[in-house]
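Notes follow once the structure below has been shown.
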Amino acid sequence: MGDCIAVEELGAWFAIALILALYFLPGIIASARSHHNALAIWVLNLFLGWTALGWIAALVWAFTAVNVRQNSP
């Protein structure tokens, strides 16, 4: 019977981790793409991601073109 509680608790922790990963998906994508505004996307996602509009805006921003810095001679 104790094993059943441990499995349920593990499932709850997995669900929480999955929800957090989905919530921070725009920031994760921006960082993975080395987006030049990754920090700003993370901040937008953190503070306004709970609103559908803020989360969608951060996700769209994460998929915008990435500026590649070139060293001038």
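Scope of the values below: all heavy atoms of this structure, side chains included, with no hydrogens, waters or symmetry mates.
Not counting sequence neighbours, the partners of Trp42 by the ring-ring contact (aromatic ring centres under 6.0 Å, His included) test are Phe24. By the side-chain contact (heavy atoms from CB on, under 4.5 Å) test, Ile56 pairs with Val60, sequence neighbours left out.
Through direct or relayed side-chain contacts under 4.5 Å between Ile, Leu, Val, Met, Phe, Trp and Tyr, Ile41 connects to Leu44, Leu48, Trp61.
At most 12 non-hydrogen atoms from other residues, nucleotides or ligands lie less than 6.0 angstrom from CG of Leu53.
Hydrophobic clustering places Ile16 together with Leu46 (ILVMFWY residues linked when any side-chain heavy atoms are closer than 4.5 Å, directly or through intermediates). Tyr23 and Phe14 end up in different hydrophobic clusters when Ile, Leu, Val, Met, Phe, Trp and Tyr side chains are linked at under 4.5 Å. Under a hydrophobic clustering in which Ile, Leu, Val, Met, Phe, Trp and Tyr are joined whenever their side-chain heavy atoms come within less than 4.5 Å, directly or via other members, Ile28 and Val43 fall into the same cluster. Hydrophobic cluster membership differs between Leu22 and Phe47, with clusters built from Ile, Leu, Val, Met, Phe, Trp and Tyr side chains linked at under 4.5 angstrom.
In terms of heavy-atom proximity, Ile29 sits nearest to Ala62 at CG2-CB, 4.1 Å. Listed here is the closest heavy atom pair of Pro26 and Trp55: CD-NE1, 3.5 Å.
Here the OG-CG distance, from Ser34 to Asn67, works out to 12.5 Å after rounding to the nearest 0.5 Å.
Here the side chain of Arg33 pairs a donor or acceptor atom with the backbone of Thr64 at under 3.5 angstrom.
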